[in-house]
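Below you'll find the structure, written out as C-alpha cells, and then a few comments.
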Amino acid sequence: MSEIAYLPIKSRSLYQNVSDEDFGNHFWQDKNSVVRIQQLEALLKDVISPEALEDMRGGITKSGMSIRLNPYVLSLIDWRNVYGDPVRRQFLPMASELEDDHPYLAVDSLGEQHTSPVPGLVHRYPDKVLFLVTSVCPVYCQYCTRSYAVGQDTAVVQKANVTSAQNWTAAFEYIRANAQIEDVVVSGGDISRLKPANIRLLVNTLLDIPHIKRIRLATKAISVLPQKVTSDTEWFAAIVEVVKRGREMFKDVCVHTHFNHPNEVTPAVEAAMRKLHAEGIYVRNQAVLLRGVNDDSRTLIALVKALGRVNIHPYYVYLCDMVTATEHFRLPLATAQRLEKEVRGATAGFNTPLFVCDAPGGGGKRDVHSAEFYDDSYGISGFRSPSVDPNRIYHYFDPIRALDTVAQEAWRMPGAKERILANLGFAPMAAEAAE
Ligand SMILES: *Cc1c(COP(=O)(O)O)cnc(C)c1O
Ligand code: SF4
C-alpha cells in the first residue's frame with residue numbers, strides 16, 4: 001500500500017515486447033484481453049506457481065462472473081504478491097478465498113428485475129431511472145451487483161437477457177410518458193462498449209425529452225481502460241459532443257466511473273482525465289467497499305486523495321451488495337460505519353464520499369449511519385427509505401464470518417430472518433407482516 005498518488009505500472013514485463021503505441025491503444029488492449037483460464041496459464045506460467053494457477057482455475061468455476069482482463073489491468077497486478085494484490089482480487093477469483101454464501105444472498109439482490117416497467121429500465125425512485133443499455137464491460141468485476149445480467153454465463157449464474165439496443169425504444173417511450181422523471185443513469189454494462197453513433201442516438205434522444213434534466217453516463221473504462229479516452233478519438237468525440245449539447249440546453253450530462261484502490265490511479269488515468277477535464281466533463285466515482293481490497297482507512301484515504309488530484313469527484317462508497325458468490329468480499333455494517341468516520345476530514349468535504357448501503361430488495365442507497373436498528377451479534381440491520389416505500393424496512397445482513405457460532409447456526413435454520421428479528425424484538429412493519 002502506498003502513500004504516493006501514482007504507482008508505476010509494476011509488471012509491464014508481461015508485455016515487454018509490446019510497443020508503447022500498441023500498449024496505449026484501446027483496440028490492442030481489447031483484442032489482447034484474457035477471457036479463458038488457458039490464456040492466463042500461457043501468460044503466467046513462469047510468473048506464479050502452478051498451485052496459484054490451479055487456485056484460479058477453481059475460483060473461475062465457482063464465480064458468478066466471467067473473467068475478462070486486458071493487458072493494462074494485468075500489468076497493474078503485482079504477481080509476486082498474487083494473493084495480496086488488491087487489483088487481482090477484484091477481477092480474478094481464487095477458490096481458496098471464496099466463502100459459503102450467507103443464506104440470504106441472491107442473484108438479483110437489489111430486486112432490479114422487479115422494479116423494471118420495461119426490460120432494461122429500473123424505476124425505483126420517483127424522479128430518476130436506471131437505464132441498462134448494454135450487458136458488456138471492458139473487464140468483469142467479480143463482485144458485480146448486476147451479475148444476473150452482466151457478462152457471459154458462468155457455471156453458477158445464467159445471465160438474464162435484459163439489455164440490448166432493441167429494448168431502447170420501449171425505454172424511451174416509458175421515459176417520455178412519465179414527466180416526473182428528470183434524471184437518467186445510463187449504465188449496464190459499460191457505455192465504453194457502445195458505438196459512437198449509439199451514444200449520440202441515446203443521449204440526444206434523452207436530451208430531446210423536455211423533462212429530462214440530468215444524464216449520467218457510467219463507464220469503468222477510465223479506471224480499467226483509460227486508453228479508450230486517449231486513443232479512441234471517435235468515441236471520445238461523441239462523448240464531448242453530447243456533453244456540450246447538454247450544456248447548451250442548460251442540462252447536465254456527466255460521467256460516472258468506478259475506482260476502488262489507489263493503485264488504479266495511474267499516469268494513464270491522469271492522461272485520460274486531462275482530456276476529459278479540458279473539455280469540461282465532470283467525472284464522479286462510485287467505489288465498492290471490498291474485503292482485502294480497500295477495507296482499511298489508509299487505503300480509502302489514499303484513494304480519495306488520488307482521485308481528487310486527477311479531478312475525479314468521490315461520490316459514493318457502497319457496502320458490497322448481498323449478491324450470490326460474493327460472501328468473501330462482504331463486510332459488516334459496523335466496518336463501513338467505522339471507516340466512514342476515519343475517512344471524513346482527511347480531505348475536502350466535497351471530495352469525501354458518502355458511505356451507503358444499497359438496501360437489499362430495492363430500498364435504494366441509504367447512509368450507513370442511518371440504520372433504524374442494528375444488532376451486530378446477529379449482523380442484522382434495518383433501513384427505512386420513505387421516498388421509495390414509507391411502509392417498509394429493508395434489511396442488510398453482515399457476512400457470516402463476522403458472527404459467533406451461535407448466530408451462524410441461527411442463520412442456517414429455515415425462516416431464520418423472521419425468527420431472529422422477532423427474538424431481537426425488531427417487529428416487522430405492518431406492510432411486511434402482510435406480505
Ligand atoms: C443508484 C440508482 C440511481 C441513482 O441514485 P443516486 O443516489 O441519485 O446516485 C437511480 N436508480 C437506481 C435504480 C439506482 O440503483
Ligand atoms: S464495470 Fe460495473 S457493471 Fe461491469 S462488471 Fe464491473 S461492476 Fe459490473
Side-chain angles (χ1 to χ4, degrees), residues 35 63-70 73 87 90-93 107-117 120-152 154 157 159 162-163 171 175 181-194 213-225 228 252 254-260 264 284-288 290 293 313-318 320-321 323 326 329 353-367 385 387-388 394:
V35 295
S63 176
M65 292 297 291
S66 44
I67 60 161
R68 184 178 176 89
L69 294 97
N70 59 32
V73 172
V87 176
Q90 296 176 65
F91 305 116
L92 270 175
V107 176
D108 177 10
S109 140
L110 304 181
E112 294 190 329
Q113 289 166 288
H114 302 297
T115 38
S116 295
L121 194 73
V122 185
H123 191 188
R124 174 178 304 147
Y125 299 97
D127 83 344
K128 50 194 175 183
V129 288
L130 170 63
F131 190 177
L132 305 174
V133 294
T134 164
S135 62
V136 286
C137 302
V139 297
Y140 290 122
C141 315
Q142 295 300 306
Y143 51 85
C144 180
T145 202
R146 219 156 280 134
S147 69
Y148 69 85
V150 168
Q152 313 301 313
T154 74
V157 179
K159 308 294 164 167
V162 293
T163 51
I175 295 169
I181 301 170
E182 297 181 13
D183 186 332
V184 184
V185 179
V186 179
S187 185
D190 191 306
I191 62 129
S192 72
R193 306 316 271 186
L194 295 186
K213 302 293 181 198
R214 293 178 296 281
I215 300 168
R216 325 173 203 178
L217 306 173
T219 175
K220 196 171 167 71
I222 300 172
S223 99
V224 293
L225 185 60
K228 186 76 185 170
D252 178 40
C254 69
V255 172
H256 276 203
T257 193
H258 179 186
F259 286 79
N260 290 325
E264 296 160 355
R284 297 191 190 97
N285 189 61
Q286 309 197 144
V288 182
L290 298 167
V293 174
H313 173 205
Y315 176 35
Y316 282 140
V317 173
Y318 292 86
C320 186
D321 291 330
V323 174
T326 65
F329 282 122
L354 189 70
F355 285 58
V356 291
C357 171
D358 208 340
K365 291 136 188 111
R366 313 310 298 164
D367 187 326
S385 191
S387 61
V388 173
Y394 300 87

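Atoms within each ligand, like the ligands themselves, are counted from 1 in listed order. Everything numeric in this text was worked out from a predicted model, so none of it was measured.
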Any atoms of ligand 2 less than 4.0 Å from a non-hydrogen atom of K220? List them with their elements.
1 (S)
Using distance alone, determine whether K128 and ligand 1 share an N or O pair under 3.5 Å.
yes
Find out whether F91 and V224 are in side-chain contact, i.e. whether some heavy atom of one side chain is under 4.5 Å from a heavy atom of the other.
yes
Provide the number and element of each atom of ligand 1 under 4.0 Å from a heavy atom of V122.
13 (C)
Which heavy atom of the protein is the closest neighbour of atom 2 (Fe) of ligand 2, given with residue, atom name and distance?
H258 ND1, 4.2 Å
Looking only at protein heavy atoms, what sits closest to atom 2 (C) of ligand 1 is K365 NZ, 2.4 Å
Give the residue and atom name of whichever protein heavy atom lies nearest to atom 4 (Fe) of ligand 2, and the separation in Å to one decimal.
C137 SG, 2.3 Å
Look at the N, O or S atoms of C141, main chain and side chain alike, and state whether any lies under 2.8 Å from atom 6 (Fe) of ligand 2.
yes
Could you check whether any side-chain N or O of R124 sits under 3.5 Å from a backbone N or O of G363, counting only pairs where one atom can act as donor and the other as acceptor?
no
Please report the interatomic distance NZ(K220) to OG1(T257), rounded to the nearest 0.5 Å.
7.0 Å
Which of the ligand 1 atoms, numbered from 1, are nearer than 4.0 Å to a heavy atom of L130:
11 (N), 12 (C), 13 (C)
Are any of the N or O atoms of E112 closer than 3.5 Å to those of ligand 1?
no
How about S223 and E264: does a side-chain donor come under 3.5 Å of a side-chain acceptor?
no
For atom 7 (O) of ligand 1, what's the nearest protein heavy-atom neighbour? Residue, atom name and distance, please.
Y316 OH, 2.5 Å
Output yes when K213 and D127 qualify as a salt bridge under the 4.0 Å nitrogen-oxygen rule, no when they do not.
no
Look at the rings of Y316 and Y318 and say which category their plane angle falls in: under 30° parallel, 30 to 60° tilted, over 60° perpendicular.
perpendicular
For a 4.5 angstrom cut-off between non-hydrogen side-chain atoms, does V323 reach Y143?
no
Would you compute the distance between atom OG of S192 and atom CG of L217 and round it to the nearest 0.5 angstrom?
11.5 Å
One finds that the ligand 1 atoms under 4.0 Å from a non-hydrogen atom of Y315 are 6 (P), 7 (O), 8 (O), 9 (O)
Just need the protein heavy atom nearest to atom 8 (Fe) of ligand 2, so name the residue and atom and give the distance.
C144 SG, 2.3 Å
Of G189, S66, S223, which has the heavy atom at the shortest distance from atom 3 (S) of ligand 2?
G189
Please answer whether the main-chain N or O of S63 pairs with a side-chain N or O of T154 as donor and acceptor at a distance below 3.5 Å.
yes
Does only the side chain of R216 get under 4.0 Å from ligand 1, or the backbone, or both, or neither? Count heavy atoms.
side chain
